[in-house]
Amino acid sequence: MEKLSKQSILENTHYGLNIYSHILKSYYPDETVLALAGRTCSPVKNPFNADKPTLNIYIEKSETGNALSDETACYTDSENTIPSGNAFDFAQLHYKQQGDELLQTLNKELNLHLGKKRNFYEKKSDNQINQKNQNSDDFKDYFSFFRSPITNIKPHKTISLLDTYNYLIGDFAKDRTNELRSITDEKSARKFKAQKFDYCTFSGVFTSRSDKNLTTHSGFICLDFDHLSQSADFKGKGGLELLKNALLDDEYFATELMFISPSGDGLKWIVKIDISTATHAQFFDAISNYVRQTYNLEIDKACRDVSRACFLPYDPKAHINPQIIKQNDNIR
């Protein structure tokens, strides 16, 4: 359960940008109210200045030059009609509230559910998901989660890398992962995994699991290294750890998420790709060639499919990009 505070609200509203978006939408419901480019939004209408496009919203670091410092969405008005401030100051102008009363209102209005214990399988509201995904590529890092069995192709909800990390290190799949790894017959193990394991499609949000039903690409690709015990360079007891460290230190790709496969003999590596410069399949081909040349490994060719399903096991030592931890202080 995450405590309600200014910091927790900022971490769940993209530094406070969703606060501006929610408030501005109440004044201009049929308009695109925010367009983020880098760390600055294009000037937008200011409801507190006769709807003139004088409101400038930008993301500001608390410590200049420190890449890991806290960040907040601040604003100025080019005509100085209202005092400059941050997202909470802007919300105070709209709601005419302050202190804990204002935080409670934002928590309710934005459906943040802070201060409320939530089950992983609880669905986020459409309002939450829409706010996270509007007006900027920075919001498009969500993907679909599916309940078992694998024959279920309708997504249960939309999740993030942080949600996935919490699932992996939590007890959601602990018992089934231990049971799977105790099964010695390969055919029986595959059947058990297909029937019992939840899964996700790291590369995007889908209406149903099929390449043609992709609605939003997440900007991620999941690369699957299978049967490492048979690898010439990464076999043996320390093979998995050796590969994990090698990929974490890779000079060209930053690891967003990494975890051991349900079988215990493989590795899942999630990295970012930019589909505005090449297709998902082209990125897969390029990365596969790089991995082959650099690590003498083959990536599962099924990862070339944008709707590739990835089973989620229990892995208490899963790795997540530290930047995600910094921006979201709600990891259990």
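We use all heavy atoms of the structure for the numbers below, so side chains are in, but hydrogens, waters and symmetry mates are not.
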For the pair Thr54 and Glu79, evaluate side-chain hydrogen bond (donor to acceptor under 3.5 Å, both in side chains) and give the outcome as yes or no after the intermediate values.
-> CA-CA 7 Å; Thr54 58; Glu79 294 185 351; 5.2 Å; no

Do Asn18 and Ser21 pass the side-chain hydrogen bond (donor to acceptor under 3.5 Å, both in side chains) test, and can you show the C-alpha distance, the side-chain angles, and the key distance before you say yes or no?
-> CA-CA 5 Å; Asn18 290 345; Ser21 177; 5.5 Å; no

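- In the displayed structure, Glu186 atom CD is contacted under 6.0 Å by at most 12 heavy atoms of other residues, nucleotides or ligands.
- In this structure, the side chain of Asp77 does not engage the main chain of Ile82 through any donor-acceptor pair within 3.5 Å.
- With Ser307 contributing its side chain and Arg209 its backbone, the two residues share no donor-acceptor pair below 3.5 Å.
- Under a cutoff of 6.0 Å and an axis angle of 45°, Lys45 and Tyr27 do not form a cation-pi pair.
- To the nearest 0.5 Å, atom CH2 of residue Trp269 and atom OG1 of residue Thr255 are 5.5 Å apart.
- Residues Lys301 and Phe284 come closest through the heavy atom pair CA-CZ, 3.7 Å.
- Two residues are said to be in side-chain contact when any heavy atoms from C-beta on lie closer than 4.5 Å; Leu247 and Leu267 meet this criterion.
- The hydrophobic cluster containing Phe145 does not contain Phe197, counting ILVMFWY residues as joined when their side-chain heavy atoms lie under 4.5 angstrom apart, directly or transitively.
- Phe90 and Tyr20 have tilted rings, their planes meeting at an angle from 30° to 60° on a 0 to 90° scale.
- Side-chain atoms of Asn178 and Tyr314 form no donor-acceptor pair, as typed in the model, at a separation below 3.5 Å.
- Here the side chain of Lys25 pairs a donor or acceptor atom with the backbone of Glu31 at under 3.5 angstrom.
- Salt-bridge annotation for Asp300 and Arg308: present, with a side-chain N of the basic residue lying under 4.0 Å from a carboxylate O of the acidic one.
- One hydrophobic cluster, built from ILVMFWY side chains closer than 4.5 Å, cannot hold both Phe220 and Phe146; they sit in different ones.
- Shown here are the side chain to side chain contact (heavy atoms under 4.5 Å, CB included) partners of Ala194, two or more places apart in sequence or in another chain: Ile150.
- Exactly one of Cys200, Cys310, Cys222 qualifies for a side-chain contact (heavy atoms from CB on, under 4.5 Å) with Phe143. That residue is Cys200.
- Test Phe172, Phe259, Tyr199 against Tyr167 for ring pair (Phe, Tyr, Trp, His ring centres under 6.0 Å) and you get one pass: Phe172.
- Listed by chain and number, the residues in a side chain to side chain donor-acceptor pair (under 3.5 Å) with Asn152 amount to none (sequence neighbours excluded).
- Contact detail for Ser84 and Thr76: the closest heavy-atom pair is OG-CG2, 3.3 Å.
- Salt bridge absent: Asp175 and Lys196 never bring a charged side-chain N and a carboxylate O closer than 4.0 Å.
- Scanning both residues, Leu214 and Gly204, for their nearest heavy atoms gives CD1-CA, 3.8 Å.
- In summary, the side chains of Ser276 and Asp274 do present a donor paired with an acceptor at a separation below 3.5 Å, with no hydrogens or angles considered.
- Between the side chain of Asn107 and the backbone N or O of Gln104 there is no donor-acceptor pair closer than 3.5 Å.
- The main-chain N or O of Pro53 is never found under 3.5 Å from a side-chain atom of Asn46 such that the two would form a donor-acceptor pair.
- Linking Ile, Leu, Val, Met, Phe, Trp and Tyr residues whenever their side-chain heavy atoms come within less than 4.5 Å places Ile260 and Leu297 in a single cluster.
- Using a distance-only test at 3.5 Å, with no hydrogens or angles considered, a donor-acceptor pair links the side chain of Arg181 to the main chain of Pro262.
- At distances below 3.5 Å, not a single donor-acceptor pair connects side-chain atoms of Thr72 with backbone N or O atoms of Cys74.
- Leu4 and Leu106 fall within a single hydrophobic cluster, where Ile, Leu, Val, Met, Phe, Trp and Tyr are joined by side-chain heavy atoms under 4.5 Å apart, directly or via other members.
- Rounded to the nearest 0.5 angstrom, Gln293 CD and Asn296 CG are separated by 9.0 Å.
- Thr81 places no side-chain N or O within 3.5 Å of a backbone atom of Asn49 that could act as its donor or acceptor partner.
- Under 3.5 Å, the side chains of Ser208 and Ser210 contain no donor-acceptor pair of N or O atoms.
- The two residues Gln97 and Gln92 come nearest to each other via the heavy atoms O-CG, 2.9 Å.
- At distances below 3.5 Å, at least one donor-acceptor pair connects side-chain atoms of Asn245 with backbone N or O atoms of Glu241.
- Of the inter-residue distances, the one linking Ser218 atom OG with Lys272 atom NZ reads 10.0 Å to the nearest 0.5 angstrom.
- One finds the CD1 atom of Ile9 at 6.0 Å from the CD1 atom of Ile19 (value rounded to the nearest 0.5 Å).
- Residues Ile57 and Leu17 meet the side-chain proximity criterion, which asks for heavy atoms closer than 4.5 Å.
- Ring centroid separation for the pair Phe253 and Tyr290 comes in under the 6.0 Å cut-off.
- You'll find the side chain of Phe48 reaches within 4.5 Å of the side chain of His94, heavy atoms only.
- Taking hydrophobic clusters as Ile, Leu, Val, Met, Phe, Trp and Tyr residues chained together by side-chain heavy-atom distances below 4.5 Å, Ile59 shares a cluster with Leu110.
- For the pair Leu312 and Thr164, the tightest heavy-atom approach, listed with the atom from each and the gap, is CD2-CG2, 3.9 Å.
- Here the CD atom belonging to Gln282 is positioned 8.5 Å from the CZ atom belonging to Arg304, to the nearest 0.5 angstrom.
- Side-chain atoms of Ser144 come within 3.5 Å of backbone atoms of Phe206 as a donor-acceptor pair (strictly under, hydrogens ignored).
- A distance of 11.5 Å separates OG of Ser261 from CZ of Phe311, quoted to the nearest 0.5 Å.
- In terms of heavy-atom proximity, His280 sits nearest to Val306 at NE2-CA, 3.7 Å.
- Sorted by first and then second residue, the salt bridge (Lys or Arg N to Asp or Glu O under 4.0 Å) pairs with a member in residues 249-261 form an empty list; sequence neighbours excluded.
- Within the 4.5 Å cutoff, the side chain of Val291 has no heavy atoms near those of the Leu223 side chain.
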